[in-house]
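First the proteins, then the strands, lettered A, B, ... as listed; each starts at 1. Everything quoted here is computed from the prediction, not taken from an experiment.
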There are 2 protein chains.
Amino acid sequence: MVTMKDIALKTGVSTATVSRVLNGKDQGRIKPEIAREVRHQAEVLGYTINPIARGLRTNRSHMIGLISDAIATTPYAGRIILGAQDAARAFGYLLTVVNTGDDAELEHEQITMMRRYGVDGFLYATMYNQIRTLPDALDGCATVMVDAEDADGQCPSIGPDEWGIGKDATNRLLAAGCTRIAYFGCPPVLIAQPRRLAGYEAALDHAGIAPENRLALTVDENVNGAQRAATVFDAGADGIFCFNDVRVRFIYEEAERRGLHIGQDVSVVSVDNFELLAGFFEPRLTSIELPHYEMGYWGACKLISMIEGRDLSDALDTVVTDAVMPDLSVDHGHIRCAIIEKESVRQAS
Amino acid sequence: MVTMKDIALKTGVSTATVSRVLNGKDQGRIKPEIAREVRHQAEVLGYTINPIARGLRTNRSHMIGLISDAIATTPYAGRIILGAQDAARAFGYLLTVVNTGDDAELEHEQITMMRRYGVDGFLYATMYNQIRTLPDALDGCATVMVDAEDADGQCPSIGPDEWGIGKDATNRLLAAGCTRIAYFGCPPVLIAQPRRLAGYEAALDHAGIAPENRLALTVDENVNGAQRAATVFDAGADGIFCFNDVRVRFIYEEAERRGLHIGQDVSVVSVDNFELLAGFFEPRLTSIELPHYEMGYWGACKLISMIEGRDLSDALDTVVTDAVMPDLSVDHGHIRCAIIEKESVRQAS
DNA sequence: CTGAAAGCGCTTACAG
DNA sequence: CTGAAAGCGCTTACAG
């Protein structure tokens, strides 16, 4: 490894000068021709800084930690990692991911370990949108919650705009000409449930359609999926907003049983847009994509802006995405999601 | 943070002595009562070593990097991370995961970055079992390949025992009384394909059953799945070894079309045991689980044994698993996989 | 504008 | 058995 000392020797200056130049602290402090020479030699010798040594001195490691209950074991949220990683990279940070599988002891141990390594801050991510209390081990650390909200309202957080999902899905069905729109929901333990429901109701209300109890259902995937699907069809639904892709199966199966055609007789809009399940649905499923990548990206930018105490808003402009990101100045952000059009919604004629 | 200096001050010895004691280098070198006092104070003050400072001196960071093309975005291999993480933790290492999405430039950049941080070695993992050449950026680094094999045969590696999967699946069907056993395979671009096929053929051969061309098929999931399923049933198969869970759909659908019952008229053994797909198969699918956790665990142990130049075989004994792990002295290991029994195989009567 | 020096928290040859 | 000292590669107040 080539060090600052090597450059100093080669250039005939002190390592102090090399350090100042290479850290961009040379304006009006170092003679320009010297600065140029230092930079040139750094280039020639292929110098790269040793972040470990720098960190020992500055108490800043340029590492950020991502703590997650289950990211690595589920297909749900892996893209959070990608987004966080890309943002970290853009600012010269290394992302370190740790899975805790919801084991509090392991979580504590891993956080402690990362703190020993001098991590500058943490992203605390969960498998699905939920309200959480931060573990004690994070006390005093810069932290941003991803796909989760702080029960104490203190920690900045980012999540999907669940209400907007309900509204957009319902509006999509209205635009397709549906008039009897059902909500095939989930048990209310997930915070997404009441929010998507409220968005659904708001859209109906805005369209002048009165809500009907038998059209807004709670579906426990392992218990009453088939039965609830039957209920929805009995109620004469011509459009269904489904809580997630996994539940869609019950709707497709019931439609087939009744000889109804999805995308013609009945339109379906779902949430998740799971690649893995795509092959199971014919016609292909129109589904809203949760902004995992964007949450990871936003979260990391927010965290780094907290660590460095500066405004990083510009960074968000470089992310190409279908989702709509809130400004970094927001403390509890919600990302507007994109709907991925396939064939399960009737073409407007 | 409490440092060695604090302990030295409190104990009235030098930091050199503290270091020696806390690193277990006191045997016959430090007076036992002093050693005891140092350890005691370390305990009382809640000392934890600063791995960054230690690393600067020793050139060893106790970090290992996990490079993967797509682990975080797929449900296939997330458990590799868990296994590697658990093993790393057992030996006091921090695992740092990086996703490259098969982007060579990004991969190079991330490896370089991790090397700057002084990681002691790398795990190089892929989304599915394949033959790979290590990127140049890893030259000179301790590396172990996970769910992949080195094209050059140099780098140690660990993967599933694909041949064993084919043999075990087929034997399971034989044990259930099947006599016309089909292999519902995949295109041979995956190295798993020829190996599972060979295991299938070996099991048939051992049972004295002649192979039949029309029972051993290649299925391109996006092209001819339904048609191939029809072929298999036309050929009179009463047992089917299916390459993976995703392909099983075609078999179940075709069985339904013909009024045949899976688990009675036709038995199915698959590979992957995907949780996410479980709900789609009725009766529930008997499937062989790929040893992702075990591969990650074994890979990390192997890597650390290389880094530290010592034998860590005992570590494997503590892993509770259904799979059979090779000894750490092996350079190119294959893990025998477990079959997870559900209801898609006929009960022997 | 620049350098010598101290120091971040460790480890380890060297000397005693 | 133990300590003083040097050093890992940086940064930064201090002095000039």
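Note: CZ (B/Arg116) to P (D/dG9) measures 16 Å, nearest angstrom. Distance, A/Ile30 CD1 to D/dT12 C1': 12 Å, rounded to whole Å. Rounded to a whole Å, the CZ atom of B/Arg54 is 15 Å from the C1' atom of C/dT12. Rounded to whole Å, atom P of C/dG7 lies 21 Å from atom CE of B/Met1. Rounded to a whole Å, the CG atom of B/Leu22 is 13 Å from the C1' atom of C/dG9. The separation between A/Lys25 atom NZ and D/dC10 atom P is 14 Å, rounded to whole Å. Atom P of nucleotide C/dG9 and atom CG of B/Asp6 are separated by 9 Å, given to the nearest angstrom.
Comparing D/dT12, C/dT11, D/dG9 by their nearest atom to the side chain of A/Thr3 picks out D/dG9. Residue A/Met4 has its side chain nearest to D/dT11 when only D/dT11, C/dG9, D/dA13 are considered. Between D/dT12, C/dG3, C/dT12, one nucleotide has an atom nearer to the side chain of A/Thr58 than all others, and that is D/dT12. When each of D/dA4, C/dG9, C/dG3 is scored by its nearest atom to the side-chain atoms of A/Leu56, the top-ranked nucleotide is C/dG9.
OP1 or OP2 of C/dG3 has at least one side-chain nitrogen or oxygen of A/Ser14 nearer than 4.0 Å. Checking the phosphate oxygens (OP1, OP2) of D/dC8, no side-chain nitrogen or oxygen of A/Asn50 falls inside 4.0 Å. An OP1 or OP2 oxygen of D/dC10 is reached within less than 4.0 angstrom by a side-chain nitrogen or oxygen of A/Tyr47. Residue A/Thr17 places none of its side-chain N or O atoms closer than 4.0 Å to OP1 or OP2 of C/dT2. Distances shown here put every side-chain N or O of A/Asn59 at or beyond 4.0 Å from the OP1 or OP2 atom of C/dC8. For the pair A/Lys5 and D/dG7, the criterion of a side-chain N or O lying under 4.0 Å from OP1 or OP2 is not met.
Pair assignment for C/dA13: none, as no Watson-Crick or G-U wobble contacts are both less than 3.5 Å. Under the Watson-Crick or G-U wobble criterion, with both distances below 3.5 Å, D/dA4 has no partner in any strand shown.
Within 4.0 Å of A/Ile49, counting heavy atoms only, lie sugar-phosphate atoms of the nucleic acid but no base atom. Residue contacts for A/Arg29: at a heavy-atom cut-off of 4.0 Å it reaches a base atom on one of the strands shown. Contacts of A/Gly28 with the nucleic acid, taken as non-hydrogen atoms under 4.0 Å apart, involve only primed sugar atoms and P, OP1 or OP2.
Judged by distance alone, the side chain of B/Glu107 and the main-chain N or O of B/Pro135 form no donor-acceptor pair under 3.5 Å. Of the possible donor and acceptor atoms, none in the side chain of B/Thr126 sits under 3.5 Å from a partner among the backbone N and O of B/Asn129. Under a 3.5 Å cut-off, the side chain of B/Arg115 and the backbone N or O of B/Ala137 do form a donor-acceptor pair. Under a 3.5 Å cut-off, the side chain of A/Asp26 and the backbone N or O of A/Ile30 do not form any donor-acceptor pair.
Remark: A/Glu33 does not engage A/Lys31 in a salt bridge, criterion side-chain N to carboxylate O under 4.0 Å.
In this model, no donor atom of one side chain and acceptor atom of the other lie less than 3.5 Å apart for A/Tyr124 and A/Asp150.
With the nearest nucleotide of DNA chain D identified for both B/Ile34 and B/Arg57, B/Ile34 has the one nearer the 5' end. Nearer the 5' end of DNA chain C, as judged by each residue's closest nucleotide, is the contact made by A/Pro32, out of A/Thr15 and A/Pro32.
Look at the C1' atom in both D/dG16 and D/dT12: the space between them is 16 Å, to the nearest Å.
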